[in-house]
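Encoded as structure tokens, the structure appears first; notes follow it.
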Number of protein chains: 2
Amino acid sequence: MERTARTPSNQIGPDVLRAALAILDEEGPDGFTVRAIAQRASVAPMALYNHFDGVNGVLEALWIEGFDTLRHAITFASASAQEDLVKAGRGYRQFALENHGLYTVMFMHRFRNFEPSLEASQVAAQTYEALVLNVGRCQDLGLFDRSSARDAAQVIWSACHGYVSLELLGINFAADRDATFELLLATLQNGLR
Amino acid sequence: MERTARTPSNQIGPDVLRAALAILDEEGPDGFTVRAIAQRASVAPMALYNHFDGVNGVLEALWIEGFDTLRHAITFASASAQEDLVKAGRGYRQFALENHGLYTVMFMHRFRNFEPSLEASQVAAQTYEALVLNVGRCQDLGLFDRSSARDAAQVIWSACHGYVSLELLGINFAADRDATFELLLATLQNGLR
DNA sequence: ACAACTATAGAACAATGTTCTACATTAATG
DNA sequence: CATTAATGTAGAACATTGTTCTATAGTTGT
């Protein structure tokens, strides 16, 4: 085969990640193979081993990128803690719907032999802490008083994750998905009081 | 290799399913291979093709078994609709924790080339209907009046699924997982009113 | 007892992740 | 600018995956 022009070193990493993400978004985990990613990135398969730790390294990078992006998507700091929390809920869902691939890596698929490293787990924990912080602000205002901020945050995250997770799986039976998600947010707000 | 004594036809199906489930429970999707399942069932790999439609056939059988079992786990018909609904929530979680393998097939992993058939999807829908029925009973009693039974059911299912899903993934940060799940159930009850 | 099933072992195939090697291109150094 | 060191590329190679096919032998039903 003809030898293709080689890609500059500092561009291979981002190229591979973008290609891997595009494949995950479009084809799901099935299409996520070393050769497919390399071809899509116009790069040699070996690039995944030179620039990452193979497939798992790519997954780890995506996992971290995912939780970092999610943290930003649910972080608001307006005057109203309660409004911030609602925005966080909507931001959570929007992130999931717009980043199906990342969400798959983070929550919806166990990739072969992949286990997030300690560092990656800490990034995930930081994202959770951002939510706990927000819930804590609501509690300081006396909005939630039934439980600890950590537990309330776990309930909120669970509900949002469950909703978008079933939505992405195609098991959402609601007539109006946007409206039913708002019902979920209202239920949490009302129920945690 | 020595030819092993052959297994009676009518026992191969159940044997394969039990073996597949045991592997999923113990090793997760990684260990779920034709050869591993066959070996665990003391059966030839070909058995998965003679008795099921290959790996996908086994997954389909597990999917149906899973939703059938789940339907029974959340179905109660006592005098109190509200109490039945709480029991359904607890039953949902108990099912997930006790059947990690089945729950993985149903909700937590996209197996390669596997898409549930129409029949399988209908079994899943029936499970959902069991929940809708229960929610409808609560609404008839005036317990929930904010929304349709279908939408309220979707919210409840989402919350429960999200909680146990994160729990099974090891992303549950609650100090007392049982208590926090009860908080979730109470939040739903209180919030949908 | 005989005939029809059907479970078994094993070869074979393409596709997977991964490693290794030879080579060509880029970048750094004198 | 010329030479050297890095590093990206193509391709072979290996074990493992799902799957199909074949020949053989044990089981079942008549």
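Bear in mind that the values here come from a model prediction, so they are computed numbers and not experimental data. Residue numbers start from 1 in every chain, and the chains themselves are labelled A, B, ... in the order their sequence lines are given, proteins ahead of strands.
With sequence neighbours excluded, the residues that form a salt bridge (Lys or Arg N to Asp or Glu O under 4.0 Å) with A:Arg71 are A:Asp68. Residues satisfying the side chain to side chain donor-acceptor pair (under 3.5 Å) criterion with B:Glu129, sequence neighbours excluded, are B:Arg150. Scanning for side-chain contact (heavy atoms from CB on, under 4.5 Å) contacts around B:Ser42 gives an empty result, with sequence neighbours left out. Residues meeting the salt bridge (Lys or Arg N to Asp or Glu O under 4.0 Å) test with B:Glu83, sequence neighbours left out: none. For A:Arg112, the side chain to side chain donor-acceptor pair (under 3.5 Å) criterion is met by no residue, not counting sequence neighbours.
In this structure, A:Phe114 places its CZ atom 13 Å from P of C:dT18, rounding to the nearest Å. Regarding A:Asn113, its CG atom lies at a distance of 11 Å from the P atom of D:dT17, rounded to whole Å. In this structure, the CZ atom of B:Arg6 is 18 Å from the P atom of D:dA23, given to the nearest Å. Here C:dA14 presents its P atom at 21 Å from CG of A:Asp30, a figure rounded to the nearest Å. B:Ile12 places its CD1 atom 17 Å from the P atom of C:dC5, with the value rounded to the nearest Å. Residue B:Asn56 contributes atom CG, which lies 11 Å from atom P of D:dG18 at whole-angstrom precision.
Residue B:Thr7 places no side-chain N or O under 4.0 Å from the OP1 or OP2 atom of D:dG26. Taking only side-chain nitrogens and oxygens, B:Ser9 comes nearer than 4.0 Å to OP1 or OP2 of C:dA7.
The residue among A:Arg112 and A:Pro8 whose nearest nucleotide of DNA chain C is located toward the 5' end is A:Arg112.
The residue B:Phe111 sits apart from the nucleic acid: no heavy atom pair falls under 4.0 Å.
For residues 34-54 of chain A, the pairs satisfying salt bridge (charged side-chain N to carboxylate O under 4.0 Å, His left out) are A:Glu26-A:Arg40, with sequence neighbours left out.
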Show the atom names and distances, to 0.1 Å, of all donor-acceptor pairs under 3.5 Å that link a side chain in residues 92-99 of chain A to residues at least two apart or in another chain.
residue, atom, partner, partner atom, Å
A:Tyr92, OH, A:Tyr103, OH, 2.7
A:Tyr92, OH, A:Trp157, NE1, 2.7
A:Arg93, NE, A:Glu167, OE1, 3.0
A:Arg93, NH1, A:Asp178, OD1, 3.1
A:Arg93, NH2, A:Glu167, OE2, 2.8
A:Arg93, NH2, A:Asp178, OD1, 2.9
A:Gln94, NE2, A:Glu98, OE2, 3.1
A:Asn99, ND2, A:Phe95, O, 2.9

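Between B:Arg110 and A:Asp30, no side-chain nitrogen of the basic residue sits less than 4.0 Å from a carboxylate oxygen of the acidic one, so the salt-bridge criterion is not met.
Residues from residues 37-52 of chain B with heavy atoms under 4.0 angstrom of DNA chain D, sorted by number: B:Met46, B:Tyr49. Near-neighbour residues of DNA chain C inside residues 19-27 of chain B, defined by a heavy atom below 4.0 Å, are absent.
Taking the six-membered ring where tryptophan is involved, the planes of A:Phe67 and A:Trp63 are tilted, since the angle between them lies from 30° to 60°.
Comparing C:dG17, C:dA12, D:dT9 against the side chain of B:Arg35 picks out C:dA12 as the nearest.
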